[in-house]
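See below for the structure under consideration.
Residue numbering restarts at 1 for every chain, and letters A, B, ... go by the order of the sequence lines.
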2 protein chains.
Amino acid sequence: MSETATKELAEVRWRKLRDLVHEHGILRVEELAAELGVSAATVRRDLAALEASGELRRIHGGAMAPERCAAEPLFDDKTAMAAPEKQRIAEAALTLVGPRDVIYLDGGSTTVALARLLIPFKQLTVVTNSLRVAQVFSNGGPRMILTGGECRLLSQTFVGPLTRAVLDQMHLDIAFMGTIGVSVQQGMTTTDPAEAFTKEQAMARASRIVLLADSTKFGKTSFVRFGTIDQISTVITDKQMPTAERKAFQRAGVDTILV
Amino acid sequence: MSETATKELAEVRWRKLRDLVHEHGILRVEELAAELGVSAATVRRDLAALEASGELRRIHGGAMAPERCAAEPLFDDKTAMAAPEKQRIAEAALTLVGPRDVIYLDGGSTTVALARLLIPFKQLTVVTNSLRVAQVFSNGGPRMILTGGECRLLSQTFVGPLTRAVLDQMHLDIAFMGTIGVSVQQGMTTTDPAEAFTKEQAMARASRIVLLADSTKFGKTSFVRFGTIDQISTVITDKQMPTAERKAFQRAGVDTILV
DNA sequence: GCATAGTTAATCAGATATGCGCATCATTCG
DNA sequence: CGAATGATGCGCATATCTGATTAACTATGC
């Protein structure tokens with residue numbers, strides 16, 4: 001309630017911070033510190049808070065506006081440097097695939113890693129809505145079927161009602177799904193309704209649903225739900241998966257593979 | 001107050017890297033290092049990360065854009081063959097497109113050339129069954145809808161019955177078609193029945209059908225017919241088009257554009 | 001088939017950024 | 001007035017990034 005104008009309130013600084021990052025797209029910590037007249041430590045604390053509420057994205061040395069990375073062909077919310085976990089998750093996923101299965105590969109960098117491992121298995125049939133996955137197989141590999149639909153640039157996937165017409169006609173042995181967030185209460189969530197619709201279509205056609213999600217995805221909730229955890233047959237993640245979530249998944253009867 | 005004294009953030013460098021590779025198609029590590037002002041080791045690390053997320057492909061000595069790395073010999077041979085004519089044909093085709101049209105781009109190198117010209121026209125809707133066309137627009141461009149279907153490696157297109165479900169639901173202002181051969185007697189022919197089926201589906205939905213074919217295609221006949229010349233509204237070709245065919249097309253009421 | 005040149009992966013050292021604990025300062029409330 | 005609460009800044013330990021060096025690998029020529 002007090003109006004001491006000597007030092008601006010934290011809320012005011014946060015607002016400025018949001019605007020600065022929004023305007024410049026990308027800024028380093030020291031620039032923000034100089035602009036706001038506070039120390040780098042404070043800026044880091046602020047950035048941590050704002051990242052937790054999803055208003056920006058922290059990167060080494062600074063911060064980025066989330067819509068800036070949306071404009072770029074970044075199709076994963078996390079930095080590409082988190083690759084080793086994704087690679088191990090993909091390798092574990094490979095063991096679930098039978099030699100002549102029909103499998104679905106959702107969009108996301110983890111499924112791209114899996115796709116690369118699948119190139120030698122020519123007897124497989126891979127259904128996907130991901131342009132990146134299609135590129136992986138464009139030199140040869142399994143039989144590939146693309147769902148079609150409208151291209152969503154951010155995720156490099158084809159989504160929307162048109163997808164349904166294709167997916168309706170097929171049966172899938174395993175659907176390997178990615179997600180933005182997954183939690184016990186909210187299930188699996190993603191940012192785009194059309195994306196969620198297409199994910200639902202694929203999962204509805206699959207005998208088994210396997211969620212590929214590194215541990216940072218757990219407890220997160222995005223905008224649109226596309227499934228609940230009891231739909232999941234198996235989840236493959238890394239050892240940093242929170243213990244609480246782990247127990248909840250066990251209770252829900254979900255096989256959990258930690259890599 | 002802006003100074004370039006501080007080193008740019010890694011994210012900025014990645015963005016430049018993506019743009020450079022997409023622009024040049026293929027680049028050496030040392031060229032990238034010089035352009036970005038960092039060491040070759042850093043470039044290699046960046047390339048590894050970007051490859052892991054499928055945004056480019058590494059090759060010995062450098063990196064390639066994904067749309068060029070799928071070096072299907074036949075497809076690229078066709079690209080190299082008569083490239084200047086194809087470019088001029090594409091430029092002529094561009095003049096037929098209205099600002100908010102819904103157009104179909106068939107597979108083939110000429111349609112890829114046209115697609116490149118269409119990138120600035122964000123208000124267009126482009127429907128295609130060509131992976132190459134999809135890759136052209138993957139960094140932004142018109143609204144893009146991919147038909148889906150089974151991937152035919154040789155032509156890098158998606159074909160077959162599944163395509164029908166998607167195409168059935170839409171209307172196209174102009175369908176820009178490629179072909180293997182076209183003759184007055186046999187009409188337009190191609191090598192693959194599934195490919196032909198998909199071409200028929202697209203043409204059936206289009207108000208106008210524009211054939212993009214360099215002069216070497218005339219008089220040739222391939223395996224499967226997918227249309228007759230009286231279905232064609234306009235044909236765009238080069239000045240070496242045989243005179244006999246030219247007259248026959250005129251008699252059939254086909255507009256002929258020679259470039 | 002071997003040798004050579006060029007390229008890459010692995011490793012280490014230096015620089016920079018980050019997270020955490022603690023001290024300081026301001027504000028609030030008893 | 002004094003203690004409690006909370007925000008801020010500083011210093012240090014840790015983590016991450018970058019560049020250089022070297023060994024292993026690959027492609028090409030002979």
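The CZ atom of R152(B) sits 6.0 Å away from the OG1 atom of T157(B) when rounded to the nearest 0.5 Å.
No side-chain donor from either of D173(A) and Y104(A) sits under 3.5 Å from a side-chain acceptor of the other. With no hydrogens or angles considered, a side-chain donor-acceptor pair links D238(B) and S215(B) at under 3.5 Å. Looking at Q156(A) and S130(A), their side chains never bring a donor and an acceptor atom within 3.5 Å of each other.
Between the CD atom of E30(A) and the P atom of dA15(C) there is a distance of 16 Å, rounded to whole Å. Residue L9(B) contributes atom CG, which lies 17 Å from atom P of dT16(D) at whole-angstrom precision. The CZ atom of R58(B) sits 6 Å away from the P atom of dT8(C) (whole-angstrom rounding). Atom P of nucleotide dT8(C) and atom CG of L47(B) are separated by 9 Å, given to the nearest angstrom. One can place CG of L27(A) at 16 Å from C1' of dA17(C), the figure rounded to the nearest angstrom.
Counting any heavy atom pair closer than 4.0 Å across all strands shown, I59(A) reaches sugar-phosphate atoms only and no base atom.
Which of dG19(D), dT26(D), dA17(C) sits closest to the side chain of H60(A) comes down to dA17(C). Here dC10(D) is the nucleotide among dT11(C), dC10(D), dA9(C) with the atom lying nearest to any side-chain atom of S39(A). Closest to the side chain of R13(B), from the set dG19(D), dG6(C), dT18(D), is dT18(D).
For the pair V29(A) and R45(A), nearest-nucleotide mapping onto DNA chain C gives the more 5' position to V29(A).
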